[in-house]
Protein chains: 2
Amino acid sequence: MFAARGFVGASLQDIAAAVGIRKPSLLYHFSTKEELRRSVIAQLLAHWSNAVPRILEAASSGEEQFHAVAEETLAFFSADPDRARIILRELLDRPDELSSLIELQVRPWATLMSNYIRKGQEQGRVHADVDPEAWVTAIINLVLSSVAIHSSLGRLAAERPSKRASTSTIPPRLIAEIVRVARSSLFVNQQTPAVDTSGRTE
Amino acid sequence: MFAARGFVGASLQDIAAAVGIRKPSLLYHFSTKEELRRSVIAQLLAHWSNAVPRILEAASSGEEQFHAVAEETLAFFSADPDRARIILRELLDRPDELSSLIELQVRPWATLMSNYIRKGQEQGRVHADVDPEAWVTAIINLVLSSVAIHSSLGRLAAERPSKRASTSTIPPRLIAEIVRVARSSLFVNQQTPAVDTSGRTE
DNA sequence: CCTACCGATCGGTAGG
DNA sequence: CCTACCGATCGGTAGG
């Protein structure tokens, strides 16, 4: 409900009703609305930023790493677009507080990825004019917003113009292009287009 | 105030105070809060989507067009990041209503751009595997979110870690990388790196 | 453009 | 986990 209506827009009344209890009962589990918020986003950021370093370790080659992180991250957010929406809303609502969380939870693996990119540049596999930190930031932005608002903006790339905005999953066509943009803006020579493009219509 | 706190988060009381009048006086100009919202976003979308076709006409060559649209769009949103924030919030808050507005205001020039891209593909200047509509959607997502949340996420690419999140303008380093990602994911051969990169630090 | 005021809903508490 | 209730604030109106 935070994802759909925002923090102030989602009342404790509504949230409690959705869980099947009354408002005071909800406030027994989370003594304040603010605490409920913290619980939600802490869980979210933790899940996300614990997954990334694990993937980075698992994969070996540069291209393989890119691939694994791209797949895993997009899978994580595609599985539930509300995850991206909540993060995006928090980023908009409380930039200062989120800055701290980003430093703690995101910065470490963002730096890790940046270093891999620099190594790739030395080896000539990655475009020399890539700005590693800025690239990582841009791609996070791209993935987050694409998943979060695909039901409205994403319909620009929809085959059949359905009247209702599908709130469900992001179309494979958009995912494929996001991965392509990320890869082609990074690597000098595109090797195997190993990412799943089965959903592509064109 | 809609940009900073969201529609429900920004009270008519606060808005009126910011303008220097009382709440009922504000409701004289906009008979309802909903009408104030419509007025704000209609003005915003109109400005943006009137500018794009004009630029597309003005520039002639493909590379020149890309360049002009990129510069103009980034300039428009960089001049006031709140513009991007409001649009992003509306996209999150009311996807269905925004879908209609997008069809009317954005679809026309998005199609225009997509056709230019297809022409570029026939001429071999644009990567063959670009999905035109999906690419336009992705880049809009990239620009909107990058400008909107640069004060929090964007600090991943900040040189000196200032404690406060600067709410002002987006750092040139991020802008340069956004333009580079957009261009290198589109064109086969990067010609003149004509976009301003004077602010780049590395 | 103002003062005064409305019912509704908000987050949260008392007390069981 | 509930009923009952609190003060504060919300969008909006009456009337000038």
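Letters A, B, ... mirror the listed sequences (proteins, then strands); counts begin at 1. For the numbers below, each heavy atom of this structure counts, side chains included, while hydrogens, waters and symmetry mates do not.
Separating the NE2 atom of A/His29 from the P atom of C/dG12 is a distance of 16 Å, rounded to the nearest angstrom. In this entry the distance linking CZ of B/Arg22 with P of C/dA4 reads 10 Å, nearest Å. Protein atom NZ of B/Lys23 is 11 Å distant from nucleotide atom C1' of C/dA4, rounded to whole Å. Rounded to a whole Å, the CE atom of A/Met1 is 14 Å from the C1' atom of C/dC10. The distance from atom CD1 of B/Ile15 to atom P of D/dC10 is 10 Å, rounded to the nearest whole Å. Between A/Leu27 atom CG and C/dG15 atom C1' there is a gap of 15 Å when expressed in whole angstrom units. The nearest whole Å value for the distance from the CD atom in A/Gln13 to the C1' atom in D/dC2 is 13 Å. B/Arg5 has its CZ atom 14 Å from the C1' atom of D/dC10, to the nearest Å.
Of the candidates C/dG11, C/dT3, D/dC1, D/dC1 carries the atom nearest the A/Ser25 side chain, counting heavy atoms from C-beta on. The side chain of B/Leu12 lies closest to D/dG11 when the candidates are D/dC1, C/dA4, D/dG11.
Not a single donor-acceptor pair, N or O on each side, falls under 3.5 Å between the base of C/dG12 and the side chain of A/Lys33.
For the pair B/Arg37 and B/Phe7, the distance from NZ or CZ to the six-membered ring centre is under 6.0 Å and the angle to the ring normal is within 45 degrees.
For A/Thr32 and C/dG12, the shortest distance from a side-chain N or O to OP1 or OP2 is below 4.0 Å. Listed pair A/Ser11 / C/dC10 meets the phosphate criterion, a side-chain N or O lying under 4.0 Å from OP1 or OP2.
Paired regions of DNA chain D, where each region holds three or more successive Watson-Crick or G-U pairs whose two hydrogen-bonding distances fall under 3.5 Å, are C:1-16 with D:1-16.
B/Ala16 comes within contact range of no nucleotide atom at all, as no heavy-atom separation falls under 4.0 Å. Among the heavy atoms of the strands lying under 4.0 Å from A/Ile21 are primed sugar atoms or P, OP1, OP2 only; no base atom is included.
Using the six-membered ring where Trp is involved, B/Phe66 and B/Trp135 have ring planes that are tilted, between 30° and 60° apart.
Judged purely by atom type and a 3.5 angstrom limit, A/Ser39 has no side-chain atom pairing as donor or acceptor with the backbone of A/Glu35.
Two residues, A/Ser31 and A/Asp14, neighbour DNA chain C, and the one matched to the more 5' nucleotide by heavy-atom proximity is A/Asp14.
B/Arg94 CZ: more than 12 foreign heavy atoms inside a 6.0 Å radius. Counting heavy atoms of neighbouring residues, nucleotides and ligands inside a 6.0 Å radius, atom CD of A/Gln43 does not exceed 12 of them.
By the 4.5 Å heavy-atom criterion applied to side chains, A/Leu26 and A/Ile21 are counted as neighbours.
Under 3.5 Å, the side chains of B/Ser99 and B/Asp96 contain no donor-acceptor pair of N or O atoms.
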